[in-house]
There are 2 protein chains.
Amino acid sequence: MTESKTGVKKRLPLEGITVLDFSRVLSGPYCTMVLADLGARVIKIERVGTGDDTRAWGPFVDDESAYFMCFNRGKESIALDFKSPRDRALLDRLLDKSDVLVENFRPGVMDRLGYGAEQLARTHPHLVYASISGFGHSGPFKDLPGYDMVVQAMGGVMSLTGWPDQPPARVGTSFGDLGASLFAVIGILAGLYKRSRDAQGTHVDIAMLDCQAALMETAFARLDVEAKVPKRTGDAHPSLAPFESFAAQDGRVVIAAGNDQLFLLMADAIGVPELALDPRFLSNDLRVQNRPALTDAIERITRTAPIDVWLGKLTGAGVPCAPINTIDKVLEHPQLLSRNMFIHVQGESERKVKTAGSPIKMSTSPDEDVTIVRKSPAVDQHREAILRELMAASGAYASQADDGSDDDKLKRSASLAA
Amino acid sequence: MTESKTGVKKRLPLEGITVLDFSRVLSGPYCTMVLADLGARVIKIERVGTGDDTRAWGPFVDDESAYFMCFNRGKESIALDFKSPRDRALLDRLLDKSDVLVENFRPGVMDRLGYGAEQLARTHPHLVYASISGFGHSGPFKDLPGYDMVVQAMGGVMSLTGWPDQPPARVGTSFGDLGASLFAVIGILAGLYKRSRDAQGTHVDIAMLDCQAALMETAFARLDVEAKVPKRTGDAHPSLAPFESFAAQDGRVVIAAGNDQLFLLMADAIGVPELALDPRFLSNDLRVQNRPALTDAIERITRTAPIDVWLGKLTGAGVPCAPINTIDKVLEHPQLLSRNMFIHVQGESERKVKTAGSPIKMSTSPDEDVTIVRKSPAVDQHREAILRELMAASGAYASQADDGSDDDKLKRSASLAA
């Protein structure tokens, strides 16, 4: 919590919320990363020894995974052996004091461990319990493994991505995982809000494939209405023109002039006002129909000068345009820098790694301080601290304990960890 | 609200929440669509006459936009003239009884209308006020127009999407808009949760470009650690292999066997167990380094039989795999159908249009009833009903009104609308 100039306390919206995070790899950890960035305390429950799979994924700095650091910044870690009664007692205590549980195992795994959604709904009805899986907890595909690549292919986005005369391409980021992560965060927050009113938890069942369908924009409606299967269009918007990249002297430049007024401004800005009077280009619909002729007419001009010249002219005229930035250009983009969008993460080694921070800027949250390095945990790093905390809490309500057996187990566990 | 078999009342988590929606086109309307799907009441504030821009966007059914129907299902509409004192009085009343405001104008527009975030923070401090814009409300780019295509190009995803020997491709859905929509929903729900604890609203400032950076996965970390600019890889995952599509007899099949155990299972399933013993393919790192040789070795086999044969063998062996579905196949996918992921939307005409429903399945929400058609509103369709409702509420607290002038304006407005 920090104090703003006006003296009003600024705090992150999820301060005080505890998330027990059973998830691994990407879809779950990205979800709990967003929750941590919003102020929640996230405790990772890891496999004893190796921990999260991505601890073995590159790129590496001093043998540590930068992949892991990016998505596990600011979290705590405790490694639990689900066959150990001591560890199960500890987990029961953690469940008592947690608000949210996140897991991304295949359906059935958490049930077999004894921590399935229906089981915990009876013992811990206050929990907002979120499951992320490839296909969800119902339906004929529920037991199949779902990975990013699988749902990108199965859900349709690959069929729409890439150039028409080439094989389908993958979205250049793990759209299958991250789409599910964001819908899971939304389900969790909606569940917490609901709980603030009715004091009851819920089970949020997110399927990566469902999320792919939800993100297909108007593709299904276009098929239903036009009876034509939508196809990939390279870099052109299927129903707006010009809304794509054009060849310049030194590369390609994006021009997004999807309505008549912007098209007029564009034609003027690149020095061919007569383009806007051409009967083939009088409306967006006509421009979409005559896209090859439009591309020719525009590129005849744009090929004559470099990208920067066109960006200057178009921006000056108020026409949306852009260079196609490579990642190095994005990392030094003045707008992203001014929005504090890059932060440093770090594991156990000295080396800090750059990654993107939170895009959720709230007037009531403290400003992002990009000089603070976000640490990711070593496997089981916080066992001792968590045990001590639980013991202290347990002491505080010892008189309420029904038989003390859990306390005894906890104490043994603590002396073992110390 | 419906009753479940066990007698527990099921209700959507945002029932009772009112959202005033000043947004148009896609990023804002998709955000408020998610809120409506979660049970919020969404009142669209539209431009008098033409309303939301997308009402003029195809595909059309009986001259009505199916594009508009998809993202505005279940919302109400009132058209307001911001120059009319009557309409401003009405809007003030609506603001009093709303919880959330969403707008996606360029920074400054809402301020000039008199409804900027700072202004409303004084008069309506309870409001969770969300702004979505291309570049956000701060920084050197804040006044520039930001469209999906612009931020896809500027934010780096295009540089990573497509085949290496072809120009960058766009993500086959409006990833720039939808990414921002989802982060906006998260900010709004976090704000509502915060408000449930401290009774204060907030301003959520979402920039499409920030969201692009946040969704670039490990691209920045890879650049920082390896000092190589990440490049597009067609359909291959940059750091997992095999995790891409392979040529079969009748098309391409995706195989996602990104760890040693899955690779072993895959080699067995396609009938070449010796592949797993090949020194070039012993670990994921080696397989990524020797990807061309790996592709050759796998395709030598997969080319000999059709996609379905490989899907059968691989699925049987527990290896993640998938066909690259076109949109018609997605629309009839048995898993999505069993998850009730397709719904019908409708405008004023008889014709219903298929689109994707909500992927947020909660145990405490009523099951999605796909037989219910979700209606989108005509421009200003709900003016009369809203006025009547405000009048009724105003009657209920008439004695508290300080001077009655707003009420008088409302009454004149109501008689005009009737």
Side-chain angles (χ1 to χ4, degrees), chain A residues 13 38 59 66 139 141 145 147 149-150 153-154 156 158-162 169-173 182 185-187 189-190 193-194 196 202-203 205 210-211 213-214 217 219 221 223-225 229-230 235 254 256 320 322 324 326-328 330 335 338 341 353-356 359-364, chain B residues 13 38 59 66 139 141 145 147 149-150 153-154 156 158-162 169-173 182 185-187 189-190 193-194 196 202-203 205 210-211 213-214 217 219 221 223-225 229-230 235 254 256 320 322 324 326-328 330 335 338 341 353-356 359-364:
Chain A
L38 288 168
F141 278 55
Y147 285 71
M149 206 43 210
V150 167
M154 214 179 268
M158 278 185 73
S159 79
L160 301 178
T161 301
R170 111 184 240 279
V171 177
T173 184
L182 295 181
V185 176
I186 290 170
L189 294 178
Y193 183 70
K194 187 191 80 69
S196 75
T202 189
H203 181 212
D205 168 18
D210 290 355
C211 296
E217 211 179 342
L223 172 61
D224 189 23
V225 171
V229 179
D235 67 358
V254 162
I324 302 179
T326 45
I327 293 300
D328 52 330
V330 182
Q335 180 66 11
S338 108
M341 273 305 294
V353 175
K354 276 192 194 172
T355 190
I360 302 170
K361 312 294 187 190
M362 294 173 80
S363 61
T364 46
Chain B
L38 290 169
F141 278 54
Y147 285 72
M149 203 49 208
V150 167
M154 212 177 269
M158 277 185 72
S159 79
L160 301 179
T161 302
R170 107 185 243 281
V171 177
T173 185
L182 295 182
V185 176
I186 291 171
L189 293 178
Y193 183 71
K194 186 190 81 67
S196 75
T202 189
H203 180 211
D205 168 17
D210 290 355
C211 296
E217 211 179 341
L223 171 61
D224 189 22
V225 171
V229 179
D235 67 358
V254 162
I324 303 179
T326 45
I327 292 299
D328 51 329
V330 182
Q335 180 67 9
S338 107
M341 273 304 295
V353 175
K354 276 191 193 172
T355 190
I360 302 170
K361 312 296 185 190
M362 294 172 79
S363 61
T364 46

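Computation of the quantities below employed the complete heavy-atom set of this structure, encompassing side-chain atoms and omitting hydrogens, waters and symmetry-equivalent molecules. In what follows, chains carry the letters A, B, and so on, assigned in the order in which the sequence lines appear, proteins first and then strands, with residues in each chain numbered from 1. Since the structure is predicted, the reported quantities are computational estimates derived from the model, not experimental observations.
Contact of B:Phe141 with chain A is made through backbone and side chain together, with heavy-atom distances under 4.5 Å. Residue A:Leu182 touches chain B through both its backbone and its side chain, counting heavy-atom pairs closer than 4.5 Å. Only the side chain of B:Ser196 comes within less than 4.5 Å of a heavy atom in chain A; its backbone stays farther off. In this structure, the portion of B:Val254 lying under 4.5 Å from any heavy atom of chain A is its side chain and not its backbone. Heavy atoms closer than 4.5 Å to chain A are found in the side chain of B:Met341, but not in its backbone. For chain B, the nearby parts of A:Tyr193 are the backbone and the side chain; heavy atoms of each come within less than 4.5 Å. With a threshold of 4.5 angstrom between heavy atoms, B:Leu38 approaches chain A through side-chain atoms but not through N, CA, C or O. The parts of A:Val225 that come within reach of chain B are both its backbone and its side chain, each placing non-hydrogen atoms under 4.5 angstrom from that chain. Both the backbone and the side chain of B:Val150 come within contact range of chain A, each with at least one heavy atom under 4.5 Å from a heavy atom of that chain.
With respect to chain B, the highest number of heavy-atom pairs below 4.5 Å among A:Pro230, A:Gly172, A:Ala256 belongs to A:Gly172. If you tally non-hydrogen atom pairs under 4.5 Å between each of A:Cys211, A:Pro59, A:Ala219 and chain B, the highest count goes to A:Pro59. For the set A:Asp205, A:Leu160, A:Asp328, A:Val229, the count of heavy-atom pairs under 4.5 angstrom toward chain B peaks at A:Asp205. The residue among A:Ala66, A:Gly162, A:Ala213, A:Ala169 with the most heavy atom pairs within less than 4.5 Å of chain B is A:Ala169. Per-residue heavy-atom pair counts under 4.5 Å with chain A were compared for B:Thr202, B:Thr326, B:Ile324, B:Leu223, and the maximum is reached by B:Thr202. Top candidate by heavy-atom pairs under 4.5 Å with chain B, chosen from A:Pro145, A:Pro359, A:Ser159, A:Ala322, is A:Pro359. Each of A:Gly156, A:Ser338, A:Ala356, A:Pro320 has some count of heavy-atom pairs under 4.5 Å with chain B, and the biggest count is that of A:Pro320.
The two atoms that bring B:Ala190 and A:Met362 nearest to each other are C-CE, 4.4 Å, heavy atoms only. Closest of all the heavy-atom pairs between A:Met149 and B:Asp235 is CE-O, 3.0 Å. When all heavy atoms of A:Val353 and B:Ala221 are compared, the pair lying nearest together is CG1-CB, 3.6 Å. For the pair B:Gly187 and A:Ile360, the tightest heavy-atom approach, listed with the atom from each and the gap, is CA-CG2, 3.8 Å. Shortest non-hydrogen contact noted between B:Gln335 and A:Gly139 is OE1-C, 3.3 Å. When every heavy atom of A:Thr161 is checked against every heavy atom of B:Val171, the shortest pair comes out as OG1-C, 4.0 Å.
Between the CG atom of A:Asp224 and the CD1 atom of B:Ile327 there is a distance of 12.5 Å, given to the nearest 0.5 Å.
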Q: List the steps and the verdict of side chain to side chain contact (heavy atoms under 4.5 Å, CB included) for A:Lys361 and B:Asp210.
A: CA-CA 10 Å; A:Lys361 312 294 187 190; B:Asp210 290 355; 4.0 Å; yes

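With a 4.5 Å cut-off on side-chain heavy atoms, A:Val330 and B:Met154 do not count as touching.
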